[in-house]
Amino acid sequence: MAAGPVPSGSGRAPGPAHAAPMLIACALGIEQLALRMGRRLHGGASPGPVTVIRTGMGPANAQRAVTRALEGGELRGAAVVASGFCAGLEPGMHPGDLVVADETRGPGGSTPCTGTELLVRALERAVPGRTVHTGPLSGSDHVVRGQERAQLRGTGAIAVDMESAATLRSALSTGVRSRPVAAVRVVVDAPEHELVRIGTVRGGISAFCVLRSVLPAFFEWHRSLLLPRR
């Protein structure tokens, strides 16, 4: 999987040059495809230019790609969202459930997310009927299974993926350190629905369809953060 950013030509919204941009980072081509398709299918007015990049798998690739993207002038002040698929850690989670991180956790420490409750409400409107879980999102440099998954759940984390923690940490270490950051993931496997099972093919399709529907919520979250506070 390519490690460099892949700009999404259809992932940009027209807007004035001074409008606040947003960067959405995902690891896999299938995740980028879902987000691009969602832009075409669901539309929604974004408050500024939107760029979707594919970082490649793993924290090192995410760090390099996000840092490179944010060092450019156009995205220097961008809000950053880490998105894509994840593994759920809590019993009762199902493929297609949404995870909104209130913080991401990685080897470098934890990164608080911005406007978590705003994002949860926006997702409930954008993807009605889907369960939205909120809590810590743990980072890993490999696919987590079995006992290791249970150990991570013991730390209080509700889900795990390989790129979100590195994405948000890199975002706050590059350019504007006060930028809004968030992590929104779609559960593709869970304790009772691990990917090694044949039945999870259907779960993967469900997760893809949900990821395809989240962009309007990202736009609403971003727009709400830009409103003057009273």
Between Arg169 and Gly108, is there a donor-acceptor pair closer than 3.5 Å when you use the side chain of the first and the backbone of the second? yes
Are Thr167 and Thr104 side-chain neighbours, meaning at least one heavy-atom pair lies under 4.5 Å? no
Go through Val80 and Leu75 one step at a time and tell me if the side chain to side chain contact (heavy atoms under 4.5 Å, CB included) criterion holds. CA-CA 10 Å; Val80 174; Leu75 293 174; over 6 Å; no
What's the separation between atom CZ in Arg36 and atom CD in Gln32, rounded to the nearest 0.5 Å? 4.0 Å
Indicate yes or no for a side-chain donor-acceptor contact from Thr114 to the backbone of Val181 under 3.5 Å, with no hydrogens or angles considered. yes
Working to the nearest 0.5 Å, report the span between CG of Asp102 and CD of Glu117. 8.5 Å
Could you tabulate the donor-acceptor pairs under 3.5 Å formed by side-chain atoms of residues 155-164, not counting sequence neighbours?
{"residue": "Thr155", "atom": "OG1", "partner": "Leu152", "partner atom": "O", "Å": "2.5"}
{"residue": "Asp161", "atom": "OD1", "partner": "Ser164", "partner atom": "OG", "Å": "3.1"}
{"residue": "Asp161", "atom": "OD2", "partner": "Glu163", "partner atom": "N", "Å": "2.9"}
{"residue": "Asp161", "atom": "OD2", "partner": "Ser164", "partner atom": "N", "Å": "2.9"}
{"residue": "Asp161", "atom": "OD2", "partner": "Ser164", "partner atom": "OG", "Å": "3.2"}
{"residue": "Asp161", "atom": "OD2", "partner": "Arg185", "partner atom": "NH2", "Å": "3.1"}
{"residue": "Glu163", "atom": "OE2", "partner": "Gly58", "partner atom": "N", "Å": "2.7"}
{"residue": "Ser164", "atom": "OG", "partner": "Arg185", "partner atom": "NE", "Å": "3.0"}
{"residue": "Ser164", "atom": "OG", "partner": "Arg185", "partner atom": "NH2", "Å": "3.2"}

The side-chain hydrogen bond (donor to acceptor under 3.5 Å, both in side chains) partners of Arg153 (sequence neighbours excluded) come to none
If you compare all heavy atoms of Ala182 against all heavy atoms of Leu119, which two are closest, and at what distance to 0.1 Å? CB-CD2, 3.7 Å
Nearest heavy-atom approach of Gly96 to Val210 is O-CG2, 3.5 Å
Passing option when Leu211 is tested against Val186, Val188, Leu98 for side-chain contact (heavy atoms from CB on, under 4.5 Å): Val186
Contact summary for Glu31 and Cys26, nearest pair of heavy atoms: OE1-CB, 3.6 Å
Write down the atom of Asp97, the atom of His133, and the distance for their closest heavy-atom approach. OD2-NE2, 2.9 Å
Do Val50 and Phe218 touch side chain to side chain, with heavy atoms closer than 4.5 Å? no
Could you pull out the closest heavy-atom pair between Gly88 and Val187, with the gap in Å? N-CG1, 4.0 Å
Arg179 side-chain N/O to Thr174 backbone N/O, donor-acceptor pair under 3.5 Å: yes
Between Val66 and Ser170 the two heavy atoms that sit nearest each other are CG1-CB, 4.1 Å
How long is the span from the CZ atom in Phe219 to the OG atom in Ser224, to the nearest 0.5 Å? 13.5 Å
Residue pair Ser140, Arg149: steps toward the side chain to side chain donor-acceptor pair (under 3.5 Å) verdict: CA-CA 11 Å; Ser140 176; Arg149 184 175 292 193; over 6 Å; no
What I'd like to find out is whether the side chain of Ile30 reaches to under 4.5 Å of the side chain of Phe85, using heavy atoms alone. yes
What is the distance from atom OG1 of Thr131 to atom CD of Glu124, rounded to the nearest 0.5 Å? 9.5 Å
One should read off an interatomic distance between Asp141 CG and Met57 CE, to the nearest 0.5 angstrom, of 10.5 Å
Once side-chain hydrogen bond (donor to acceptor under 3.5 Å, both in side chains) is applied, do any residues pair with Arg105, and if so which ones, sequence neighbours excluded? Glu103
In Å and rounded to the nearest 0.5 Å, what is the CD to CG distance from Glu220 to Leu123? 9.0 Å
